[in-house]
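Hydrogens, waters and symmetry mates play no part in the numbers below; they use all other heavy atoms, side chains included. Computed from a prediction, not measured in an experiment: that's the story for all the values here.
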Amino acid sequence: MANELQGKTIAILAADGVEKVELEQPRVVLKQAGARVEVLSLKAGEIQAREHDLEPAGRFSVDRAVSDASVEEFDGLVLPGGTVNPDKLRNDATAVAFVRDFVGSGKPVAAICHGPWTLVEAGVAAGRTLTSYPSIRTDLRNAGANVVDEEVVVDGNLITSRSPSDLPAFCSTIIKQFAHATTS
């Protein structure tokens, strides 16, 4: 299992306010499976992580700005949550276009907690079955998604989960989905 993702490159798109465990745990699991993982953000440098949205929880180094990345370079995309993080992403046209293009490419995109907010802004939620943190489910419904309350949902190339408590199921599912995706 350690080399399931050997030769694959996965992007994690996050901004200040990212929920620490929702970036950290998927990144660790992806690397353990052999993937090369890049953290993309709105700008180079570092992003401030949070715990339960309120408490500062350290920083993550950014590998590069999303404006310097292209969908073709990656085999999968992870969108962690935290309320501030996706709110910042959905207000950035470059980040939104990157997510829209990624979903449109057919490559797997995984979003957890408040991460699906960026899917809404990218206009890719309509007609899809998704889950999320309870407080944004109305936004998903208003965007045309079929919303369910399950720990992890796979609909085509979209993988969604509800909260940090779902990270074990989320992480094992993204490994399987990214492993079966065709390499770019």
Side-chain angles (χ1 to χ4, degrees), residues 1-15 17-40 49-53 55 57-58 60 74-86 89 99 102-103 105-120 122 124-141 143 145-183:
M1 293 284 231
N3 291 319
E4 242 179 313
L5 298 180
Q6 194 68 41
K8 302 228 181 218
T9 303
I10 308 300
I12 299 177
L13 178 58
V18 66
E19 186 69 25
K20 181 180 181 179
V21 296
E22 293 175 10
L23 188 156
E24 197 168 56
Q25 283 188 24
R27 182 173 68 172
V28 165
V29 170
L30 290 164
K31 285 182 175 183
Q32 287 173 342
R36 185 171 155 267
V37 180
E38 282 194 39
V39 175
L40 306 178
R50 294 281 185 210
E51 187 174 327
H52 307 294
D53 276 327
E55 300 300 321
F60 288 103
F74 300 97
D75 300 291
L77 173 63
V78 176
L79 299 169
T83 58
V84 174
N85 164 51
L89 293 177
V99 171
F102 219 104
V103 173
S105 77
K107 297 175 187 180
V109 176
I112 187 167
C113 201
H114 288 76
W117 254 347
T118 312
L119 300 175
V120 169
V124 298
R128 305 301 289 267
T129 298
L130 306 173
T131 194
S132 70
Y133 196 75
S135 66
I136 69 163
R137 291 181 185 160
T138 298
D139 297 337
L140 293 175
R141 281 188 204 93
N146 173 39
V147 179
V148 296
D149 184 11
E150 297 174 18
E151 67 179 355
V152 67
V153 175
V154 177
D155 181 343
N157 65 326
L158 293 183
I159 305 126
T160 52
S161 277
R162 301 173 298 195
S163 71
S165 63
D166 296 327
L167 276 165
F170 180 73
C171 288
S172 67
T173 301
I174 64 173
I175 297 298
K176 288 177 195 146
Q177 295 298 313
F178 291 170
H180 292 102
T182 53
T183 304

**Q** Give, for atom OH of Y133 and atom OG1 of T83, the distance between the pair rounded to the nearest 0.5 Å.
**A** 9.5 Å

**Q** Test side chain to side chain contact (heavy atoms under 4.5 Å, CB included) on V84 and R50 and set out the steps.
**A** CA-CA 9 Å; V84 174; R50 294 281 185 210; over 6 Å; no

**Q** Out of S165, S163, P164, which one pairs with L167 under the side-chain contact (heavy atoms from CB on, under 4.5 Å) rule?
**A** P164

**Q** Identify the two heavy atoms, one from A11 and one from L40, that lie closest to each other, and give their separation to 0.1 Å.
**A** CB-CD1, 3.8 Å

**Q** Testing the basics here: between A111 and G115, what is the closest heavy-atom pair and its distance to 0.1 Å?
**A** CB-C, 3.9 Å

**Q** Please check this pair: side chain of K107 against backbone of F74, looking for a donor-acceptor N/O pair closer than 3.5 Å.
**A** yes

**Q** Evaluate L30 against K8 for side chain to side chain contact (heavy atoms under 4.5 Å, CB included), listing each step before the verdict.
**A** CA-CA 10 Å; L30 290 164; K8 302 228 181 218; over 6 Å; no

**Q** Could you tell me which non-hydrogen atom of L23 sits nearest to which non-hydrogen atom of P26, and how far apart they are?
**A** O-CD, 3.5 Å

**Q** Look only at the side chain of E51 and the backbone of A57, and say whether a donor-acceptor pair between them is shorter than 3.5 Å.
**A** no

**Q** Any donor-acceptor pair under 3.5 Å linking the side chain of T160 with the backbone of T131?
**A** yes

**Q** When rounded to the nearest 0.5 angstrom, what is the spacing between OG1 in T118 and CG in N85?
**A** 7.0 Å

**Q** Verify, without hydrogens or angle tests, whether D75 (side chain) and T9 (backbone) share a donor-acceptor contact under 3.5 angstrom.
**A** yes

**Q** Which value, rounded to the nearest 0.5 Å, describes the distance between L140 atom CG and T129 atom OG1?
**A** 11.0 Å

**Q** Return the CZ to CD1 distance between R141 and I136, rounded to the nearest 0.5 Å.
**A** 11.0 Å

**Q** Report, as yes or no, whether the 6.0 Å neighbourhood of atom CZ on R36 holds more than 12 heavy atoms from other residues, nucleotides or ligands.
**A** no

**Q** Measuring from atom SG of C171 to atom CG of D166, what distance do you get when rounded to the nearest 0.5 angstrom?
**A** 10.5 Å

**Q** Could you go through the side chain to side chain contact (heavy atoms under 4.5 Å, CB included) check for V153 and I159 one step at a time?
**A** CA-CA 6 Å; V153 175; I159 305 126; over 6 Å; no

**Q** For G76 versus F178, what's the shortest heavy-atom pair and its separation?
**A** CA-CE2, 4.0 Å

**Q** Could you pull out the closest heavy-atom pair between C113 and G81, with the gap in Å?
**A** CB-CA, 4.2 Å

**Q** Under 3.5 Å, side chain of N157 to main-chain N/O of V103, donor-acceptor pair present?
**A** yes

**Q** Nearest 0.5 Å, please: how far is OG in S172 from CD in Q177?
**A** 10.0 Å

**Q** Within a reach of under 6.0 Å around CZ of F60, are more than 12 heavy atoms found that belong to other residues, nucleotides or ligands?
**A** yes

**Q** In sequence, state the C-alpha distance, the side-chain angles, and the governing distance for V109 and L119, and then conclude on side chain to side chain contact (heavy atoms under 4.5 Å, CB included).
**A** CA-CA 9 Å; V109 176; L119 300 175; 4.2 Å; yes

**Q** Determine yes or no for a side-chain-to-main-chain donor-acceptor pair under 3.5 angstrom, with R128 supplying the side chain and D155 the backbone.
**A** yes

**Q** Checking side-chain contact (heavy atoms from CB on, under 4.5 Å) against P80, which of E19, K20, E22, H114 comes through?
**A** E22

